[in-house]
Amino acid sequence: MPKVELTNHLKRFFPTLGPQTLPASTVAELVRALDGRFPGIMGYLVDERGSLRKHVNIFIDGEMVVDRVSLGDALDERSEVFIAQALSGG
Amino acid sequence: MSLRMFLGTRKGLVVYAQTPGGWRLESVHHVGNPVSYAVEDPRNGTWWAALDHGHWGQKLQRSRDQGQSWEEVKAPAYPEDAERGDGKPATLEYIWLIAPGPASQPGRLYLGTNPGGLFVSDDGGDTFTLCRGLWDHPSRTQWTGGGKDTPGIHSLVIHPADPDHLMVGVSCGGVFESRDGGLSWAPKTKGLLATFLPDPEAEIGHDPHLIVACPTRPEVLWQQNHCGVFRSVNGGERWAEVSAGPPRFGFAVAVDEVNPDRAWLVPAVSDERRNAASGGLSVSTTEDGGVTWRELRDGLPQEGCFDLVYRHSLDKRGPTLAFASTTGNLYVSEDFGERWALLSHTLAPVYSLRFGA
């Protein structure tokens with residue numbers, strides 16, 4: 001099953017958050033599965049239409065996802081996913 | 001009665017309390033998170049805070065124990081078919097206003113949002129629904145952003161004798177009134193000027209920075225507009241410009257609870273420059289409905305000020321007034337603005353200041 005790691009910044013809101021292994025064949029499925037374990041986290045990653053928030057990035061095996069609108073990028077059993085926040089000032 | 005002050009700042013919610021020894025910093029919440037608006041619901045004492053996470057979206061937080069614990073409430077969501085004026089899908093961009101409903105509707109809560117949304121809750125904020133009557137108003141495609149990319153709703157006036165009688169301010173769209181609880185809306189912009197439009201007297205497209213009503217004389221409305229200060233004595237049927245001297249450009253306005261002719265503003269130098277007038281900080285007040293204005297400067301710095309006071313960052317409760325600025329200064333007056341005292345010069349930029357109990 002794909003593995004996912006998330007930026008530590010999200011631990012502020014989800015203190016028990018750590019690396020996860022989740023059943024998913026697309027990024028959208030992975031985000032939904034993650035929300036099942038950490039209710040509400042989906043709203044931090046995507047907007048109410050399911051599109052990736054502007055300042056959030058998702059990488060699959062080091063490559064940024066292509067489909068930011070519906071998160072349709074495919075995952076396989078060995079995929080390693082990293083969910084990061086873009087850096088910003090202030 | 002002692003008061004609290006709720007400050008939505010770029011770095012969190014800051015609460016001050018009035019004590020026998022003066023105002024004291026009481027507590028800080030959501031440290032590090034921008035709080036776009038915070039308010040106490042006077043009906044039940046619930047504290048509300050809208051969080052504007054740069055990365056993680058807009059969140060709504062509620063505390064029923066005076067800030068000891070907070071719970072995240074599901075943020076309002078635009079319906080799937082909702083499109084912005086430019087045809088793009090509408091998603092929640094900003095929570096600009098949290099407005100508790102009247103005592104007669106104990107579960108009612110309103111949110112003003114970008115893009116152009118008025119959301120309504122009837123279950124104490126557990127769930128919110130977009131007010132379709134306003135969203136579907138045919139003029140919405142003519143609304144534009146003012147300072148933000150999309151139009152937003154920042155002002156709501158609920159008539160104290162009729163909870164179905166509502167008025168909202170949209171920047172930039174104008175003033176809209178509903179007499180049927182939000183089902184239908186009509187523009188109320190006669191007499192306003194929008195000098196940034198090809199037709200300054202156009203019905204749609206105005207930028208009312210803030211609209212407030214005198215609580216005991218609700219037919220008297222005050223408006224700090226992008227293009228001047230305006231007042232209406234007939235519930236918005238007609239507005240009259242009452243700008244004279246420094247009070248012209250600014251964002252905030254407060255009106256007396258009893259005397260509808262008495263109001264306060266914090267003027268900025270101009271739309272083009274947007275800093276304190278003459279480099280010094282002043283509050284303008286009138287007691288004759290805006291015919292004449294007096295500048296109040298006692299206790300306020302008079303040089304080198306770059307303070308700007310946003311629309312929700314001036315409030316009044318009885319003789320007490322307070323305002324806070326984008327440069328993190330907080331001033332309070334206990335005598336209707338005659339003399340001011342600095343409470344803090346080290347806050348983060350302040351987005352809102354509201355009194356509570």
Side-chain angles (χ1 to χ4, degrees), chain A residues 4-20 27-60 64-72 81-90, chain B residues 9-12 29-36 49-62 69-84 87-95 111 113-115 117 119 126-130 148-150 326 328 348-349 351:
Chain A
V4 60
E5 271 192 65
L6 297 101
T7 168
N8 279 332
H9 286 271
L10 280 165
K11 282 194 174 178
R12 202 155 41 128
F13 316 108
F14 302 93
T16 61
L17 192 64
Q20 305 286 314
V27 176
E29 287 178 20
L30 180 122
V31 169
R32 273 198 297 276
L34 195 61
D35 196 63
R37 291 190 191 170
F38 300 94
I41 199 169
M42 197 158 82
Y44 283 70
L45 307 177
V46 300
D47 63 26
E48 59 257 58
R49 306 295 184 100
S51 296
L52 198 58
R53 292 197 180 279
K54 188 176 174 184
H55 299 300
V56 178
N57 287 328
I58 298 184
F59 299 87
I60 306 170
M64 209 183 292
V65 295
V66 175
D67 179 7
R68 297 180 63 93
V69 175
S70 54
L71 305 187
V81 177
F82 185 65
I83 299 180
Q85 63 171 22
L87 299 184
S88 66
Chain B
T9 82
R10 182 167 173 160
K11 295 293 181 184
H29 311 266
H30 308 294
V31 179
N33 296 317
V35 175
S36 57
L51 272 53
D52 174 28
H53 292 300
H55 297 85
W56 316 115
Q58 308 299 311
K59 309 296 176 201
L60 199 53
Q61 291 272 342
R62 171 172 71 189
S69 64
W70 290 85
E71 60 173 321
E72 187 176 316
V73 175
K74 194 168 167 49
Y78 285 79
E80 278 193 23
D81 65 341
E83 289 185 347
R84 301 184 343 188
K88 293 182 177 156
T91 55
L92 182 65
E93 296 166 10
Y94 196 67
I95 300 172
L111 301 177
T113 62
N114 292 62
F119 282 87
D126 290 339
T127 59
F128 287 91
T129 308
L130 181 66
K148 294 185 169 65
D149 291 342
T150 56
T326 53
Y351 304 132

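To find a chain, count down the sequence lines: A is the first, B the second, and so on, and within it residues start at 1.
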With sequence neighbours left out, which residue pairs that include part of residues 8-19 of chain A fulfil the side chain to side chain donor-acceptor pair (under 3.5 Å) condition? A/His9-A/Gln85, A/Arg12-B/Asn33
Can you establish whether the number of heavy atoms outside B/Glu71 located under 6.0 Å from its atom CD is more than 12? yes
Taking everything shown except B/Asp126 itself, do over 12 heavy atoms lie less than 6.0 Å from its CG? yes
Checking heavy atoms, do the side chain of B/Pro349, its backbone, both or neither come under 4.5 Å from chain A? neither
Could you tell me which portion of B/Lys59 (side chain, backbone, both or neither) has an atom closer than 4.5 angstrom to a non-hydrogen atom of chain A? side chain
Contact class of B/Ala348 relative to chain A, heavy atoms under 4.5 angstrom: neither
Report, in residue-number order, which members of residues 36-52 of chain A are under 4.5 Å from chain B by heavy-atom distance. A/Gly43, A/Tyr44, A/Leu45, A/Asp47, A/Glu48, A/Arg49
Between the side chain of A/Arg53 and the main-chain N/O of B/Trp56, is any donor-acceptor distance below 3.5 Å? yes
Could you check if a side-chain atom of B/His53 sits within less than 4.5 angstrom of a side-chain atom of A/Phe13, using non-hydrogen atoms only? yes
